[in-house]
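See structure below.
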Amino acid sequence: MTPSETLRALADALGIRATLMRPLGPLTTYGVGGPAALYVEVEGPDDLSVVRQTLREVLPGTGAGDAGIRAFVIGRGSNLLVSDAGFDGLVLHLGPDFAGLELPTPAGGGRSSGAPGRGAVVRAGAALALPVLARRVADAGWSGLSWAVGVPGSVGGAVRMNAGGHGSDMASCLVRYTWVDLFADDGGTDDASRLAYGYRSSSVRATELVVAAELEVTPGSITAEQEAVAAIVRWRREHQPGGSNAGSVFANPQDDSAGRLIESAGLKGFRIGTAHVSEKHANFIQADKAGRADDVYALMEHVRRVVAERCGVALRTEVRLLGFDDGKTGPVPETDERLTVEPIPPDRGEDASGGCR
């Protein structure tokens, strides 16, 4: 069978769980982009078992790659740009039954159970929104996850990409995680060390689905934790734009800021078609309502090229790219190295040392 015939066979076998040509734009914070050739909604653990079994029956002894099928797991779509042409593979989404949260029992007096400084573990489902996680943990008087209120993604996506902000990240608090391979019998609960974490990266493969995470917390004051969460929310409202975006587009180079470099290169407010660099924070790219994903992508590439030319730094995007002409998903390119470039006169935004002001 051709890949398209295989996807239709999967759709027939999965029944109401599957949708052909499901628009993905509305499932992302950019709100733009085309459809998935096959979209599968997995309501809960029992449903996941059925889906995995069906995948193995339709693709016996081969798997997605051998059948020419690419797979992608979508969470809250907060770090994702889907091309206008869409994605010609399988997209899987976890339903609300994967959004559970198990908290240690708090003690009286405004403090959580356990001695101060002694850790405990919360278990969060992969579909749980990080801001919800942060607030519920703070409301229970546990410390260590207030940073997550500033990351609009899901727990599963955060585990996969080592999401972080405000001085912390998943690598700093993840103890264990539960996962399955969609096309094989592999899976289980493993220590975080298996993930080979780097800055905004991990070793999770495209066919591996994070199901749950166990995160370390320590006892703290309910009032103090709620204030920490509120402070991060205030900071984001003051310093970062709302609207249709995917947060920070580029990873910060070592000892520098992507936003500073982009602003120094004179790109604040720069527009291509229906996308523009935010005037409020230069590391945000905004999409117009009913805009084009390909304009966002073109602007990302333009920003990278200009910053490389004017500042000598090749920025690496944090945004997952789905369905673009390289036929791959993931951050492209995998570099933020300093480049050797010809000096540009100071009137083009660069100082004499070769680095943007």
Side-chain angles (χ1 to χ4, degrees), residues 1-28 30-98 126-127 154 156-157 160-161 179-187 204-211 292-294 296-297 319-332:
M1 288 192 294
T2 66
S4 59
E5 289 172 339
T6 301
L7 289 174
R8 285 194 294 270
L10 282 171
D12 290 340
L14 290 168
I16 61 172
R17 300 178 180 87
T19 305
L20 292 168
M21 301 305 291
R22 165 73 181 268
L24 294 178
L27 302 180
T28 73
Y30 265 127
V32 297
L38 178 61
Y39 174 90
V40 177
E41 182 77 13
V42 182
E43 293 296 335
D46 292 341
D47 217 22
L48 178 59
S49 297
V50 173
V51 169
R52 294 178 70 205
Q53 180 62 34
T54 303
L55 292 173
R56 289 194 292 270
E57 289 174 354
V58 176
L59 306 170
T62 60
D66 293 337
I69 303 299
R70 291 183 291 145
F72 186 85
V73 179
I74 188 171
R76 292 174 60 81
S78 62
N79 196 48
L80 176 65
L81 180 66
V82 182
S83 75
D84 293 318
F87 178 59
D88 62 1
L90 165 67
V91 171
L92 185 142
H93 180 260
L94 297 181
D97 285 354
F98 287 97
S154 65
R160 180 186 178 90
M161 71 166 290
W179 65 283
V180 298
D181 191 303
L182 292 172
F183 298 94
D185 290 328
D186 294 345
V204 176
R205 297 179 300 175
T207 61
E208 292 178 355
L209 173 64
V210 176
V211 176
R292 289 176 48 81
D294 293 354
V296 177
Y297 181 80
V319 178
R320 297 286 293 175
L321 303 170
L322 190 64
F324 286 88
D325 58 7
D326 62 0
K328 299 178 181 178
T329 63
V332 179

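Bear in mind the structure is a predicted one, so any value in this text is a computation, not a measurement.
Here OH of Tyr39 is found 7.5 Å from OG1 of Thr19. Values are rounded to the nearest 0.5 Å. In this structure, CG in Asp186 is found 6.5 Å from CZ in Arg205, a value given to the nearest 0.5 Å. Rounded to the nearest 0.5 angstrom, Ile69 CD1 and Leu38 CG are separated by 8.5 Å. In this structure, CG on Leu20 lies 8.0 Å from CG on Asp12, to the nearest 0.5 angstrom. Distance CD/Gln53 to CG/Asp185: 8.5 Å, rounded to 0.5 Å. Thr207 contributes atom OG1, which lies 13.0 Å from atom CZ of Phe72 (distance to the nearest 0.5 angstrom).
The two residues Pro35 and Ala85 make their nearest non-hydrogen contact at CD-O, 4.2 Å. Across every non-hydrogen atom of Ala71 and Phe183, the tightest pair is CB-CE1, 3.8 Å. For the residue pair Gly34 and Val82, the shortest heavy atom distance occurs at O-CG1, 3.8 Å. Closest heavy-atom contact between Ser154 and Ala126: CB-O, 3.4 Å. Shortest non-hydrogen contact noted between Ala18 and Ala11 is CB-CA, 3.9 Å.
Listed for the Asp84 side chain is a donor-acceptor partner under 3.5 Å among the backbone atoms of Asp294. A donor-acceptor contact shorter than 3.5 Å links the side chain of Arg52 to the backbone of Ala184. Under the 3.5 Å distance criterion, the side-chain polar atoms of Arg76 are left unmatched by any main-chain donor or acceptor of Leu27.
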Would you mind writing out the side-chain donor-acceptor pairs for residues 86-97 within the sub-3.5 Å range, not counting sequence neighbours?
unit_1: Asp88; atom_1: OD1; unit_2: Arg70; atom_2: NH2; d: 2.4
unit_1: His93; atom_1: ND1; unit_2: Glu41; atom_2: OE1; d: 2.9
unit_1: His93; atom_1: ND1; unit_2: Glu41; atom_2: OE2; d: 3.2

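Here the rule is side-chain contact (heavy atoms from CB on, under 4.5 Å) with Arg320, and of Ile74, Leu81, Leu80, Thr28 only Leu80 fits it. Paired with Leu209 under the rule side-chain contact (heavy atoms from CB on, under 4.5 Å), one option of Val51, Val42, Val73, Val204 passes, and it is Val73.
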